[in-house]
Amino acid sequence: MIGRGVVLLLALTCGVAVGNLYFPQAISPLVASGLGIPVDSAVLVVTAAQIGYAVGIFLLVPLGDRIPLRPLVVSLLVLTGLSLAVASSADSLPPLFGASVLIGITTVVAPAVAPIAAGLVAQDRQGAVTGTLLSGSLGGMLLSRAFGGVLGEWLTWRAPYLVAATLALILALVLAFALPKTTPPTRQRYPALVAASVRLVLAEPGIRRSCFYQMMIFGAFQAVWTGVALLLTGPVYGLGAHAVGVLAFVNAATMIATPLAGRQVDRRGPDPVNLVCMIAVLISAAVMLGGVLGGVVGLAALAVGTLVLDVAMQSGMIANMVRNFAQCPDARSRVNTAYMTCAFLGGGLGSWLGSRAYVLLGWSGVCALVAVMASAALIRHLQVSRTGSSSVPC
């Protein structure tokens, strides 16, 4: 069992690790000007990190069922710190793209830690602990954009990478002493662990459903935050990269909502929470459409709409994870591997589609994309509700 202090430290670590995927969204215009490349090319750095993250989840997170918590987390943080340092020295797009893939692959602490931590607390605390860890991850998502935008404009786009590298290495040192000793639940060989993730998705309808939900909702989330950087720094608003960070900072209130969502999942079950979240994403798309108006009204619409979107995405993620962990309690890391790989493949696709939608149709196109992806998840959820399908333990 682990205490609250260790849970909070792990939540902080999740936030720092996840933040490495999101501060590049705020500084993509700075990267474009610094390297002399088009903005839509600089956005590829964000997509590279998301795709790398999906690869890292698939290849590395299954090790959580095979390797003790402490050496796994410390090793990942050290590798992430080194990859961030390499990215800070890139002098053109290809090496920065490659380094971003490596950052994504290695910064998978959050999906590696979540299933292990869930197994180290009582069953009636799993939703609350998962919510706490996800609130740390959410803090990393939101605050890293503010950190990246402000620091990037104050110094250069390289500064956020250097600071993030330093934080990762410091946390590796702290956790080398703070984390408890754990015993992995299996001694299966690595190829079998990786293959098990694929088998679980193919064999378990409940896990497939969770994966599809998060692919759609997280893809919509990524489309918005990729497109909003282009909107705020474009002709409608004419703001700097720090504006993306300020907008994300406003949404830090989501950190309070996610533990509450975890408790609602504990009380009511995952399906009702999923339904509310999908409807909320559709509402957020309508609200965010007001961003085309510009000025104070447009900024208010963006602030409210992205806040609703962020709360819905994170709350739905908690519901999906609790469903998965309950269905396969002896294979949590392998289940989380399948789930998070699908989620970030959806996120990478959403980032790319969001940038293309903005280039072709403007902000209205991004909002339409969000509505389409949320509708796909909602239709699937309603189909399951009508048929009365239920998940059974693995």
Side-chain angles (χ1 to χ4, degrees), residues 19-53 55 80-107 141 143-168 222-248 291 294 302 347-363 365-366:
N20 297 327
L21 299 173
Y22 295 97
F23 74 75
Q25 290 180 328
I27 63 171
S28 55
L30 301 177
V31 171
S33 60
L35 297 181
I37 58 176
V39 171
D40 57 342
S41 296
V43 169
L44 292 176
V45 172
V46 179
T47 302
Q50 297 286 336
I51 297 300
Y53 199 65
V55 172
T80 300
L82 296 176
S83 300
L84 287 161
V86 170
S88 71
S89 64
D91 57 1
S92 62
L93 181 60
L96 180 57
F97 185 93
S100 296
V101 173
L102 290 176
I103 292 167
I105 291 173
T106 57
T107 195
M141 286 186 193
L143 301 180
S144 65
R145 296 189 187 102
F147 147 80
V150 173
L151 191 61
E153 284 201 336
W154 181 35
L155 298 174
T156 70
W157 67 266
R158 301 178 190 276
Y161 283 99
L162 285 172
V163 173
T166 303
L167 288 174
Q222 286 296 99
V224 166
W225 283 104
T226 299
V228 82
L230 304 178
L231 174 67
L232 292 178
T233 58
V236 175
Y237 290 93
L239 300 174
H242 69 280
V244 182
V246 172
L247 179 62
L302 291 175
L349 177 64
S351 291
W352 183 77
L353 288 176
S355 65
R356 300 314 303 158
Y358 185 84
V359 169
L360 295 175
L361 301 171
W363 182 244
V366 176

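Just the heavy atoms: all of them, side chains too, but no hydrogens, waters or symmetry mates, feed the values below.
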Taking the side chain as everything from C-beta on, heavy atoms only, tell me whether [X] gets closer than 4.5 Å to [Y].
{"X": "Ile105", "Y": "Val101", "value": "yes"}
{"X": "Tyr161", "Y": "Leu96", "value": "yes"}
{"X": "Val45", "Y": "Leu93", "value": "yes"}

| request: Begin from the C-alpha positions of Thr80 and Asn20 and carry the test side-chain contact (heavy atoms from CB on, under 4.5 Å) through to its verdict. | output: CA-CA 9 Å; Thr80 300; Asn20 297 327; 3.4 Å; yes

Identify the two heavy atoms, one from [X] and one from [Y], that lie closest to each other, and give their separation to 0.1 Å.
{"X": "Thr47", "Y": "Gly348", "result": "CG2-O, 4.0 Å"}
{"X": "Phe23", "Y": "Ser144", "result": "CB-O, 3.2 Å"}
{"X": "Leu231", "Y": "Tyr358", "result": "CA-OH, 3.4 Å"}
{"X": "Ser88", "Y": "Arg158", "result": "O-NH1, 2.8 Å"}
{"X": "Ala99", "Y": "Val86", "result": "CB-CG1, 4.2 Å"}
{"X": "Gly294", "Y": "Val236", "result": "CA-CG1, 4.0 Å"}

| task | Quick one: do Val46 and Tyr22 satisfy side-chain contact (heavy atoms from CB on, under 4.5 Å)? Show the steps, please. | result | CA-CA 7 Å; Val46 179; Tyr22 295 97; over 6 Å; no

From [X] atom [atom1] to [Y] atom [atom2], the distance as rounded to the nearest 0.5 Å:
{"X": "Leu349", "Y": "Gln222", "atom1": "CG", "atom2": "CD", "result": "11.0 Å"}
{"X": "Leu162", "Y": "Thr156", "atom1": "CG", "atom2": "OG1", "result": "8.0 Å"}
{"X": "Glu153", "Y": "Leu155", "atom1": "CD", "atom2": "CG", "result": "11.0 Å"}

I'd like to know if the side chain of [X] reaches the main chain of [Y], judged simply by a donor and an acceptor atom lying under 3.5 Å from each other, with no hydrogens or angles considered.
{"X": "Tyr237", "Y": "Gly291", "answer": "yes"}
{"X": "Thr226", "Y": "Ala223", "answer": "no"}
{"X": "Ser100", "Y": "Ala49", "answer": "no"}
{"X": "Thr107", "Y": "Ile103", "answer": "no"}

| message | Just to verify, what does Trp225 make a side chain to side chain donor-acceptor pair (under 3.5 Å) with, not counting sequence neighbours? | response | Asp310

| Residues Leu232, Leu302; criterion side-chain contact (heavy atoms from CB on, under 4.5 Å); working and verdict | CA-CA 10 Å; Leu232 292 178; Leu302 291 175; 4.0 Å; yes

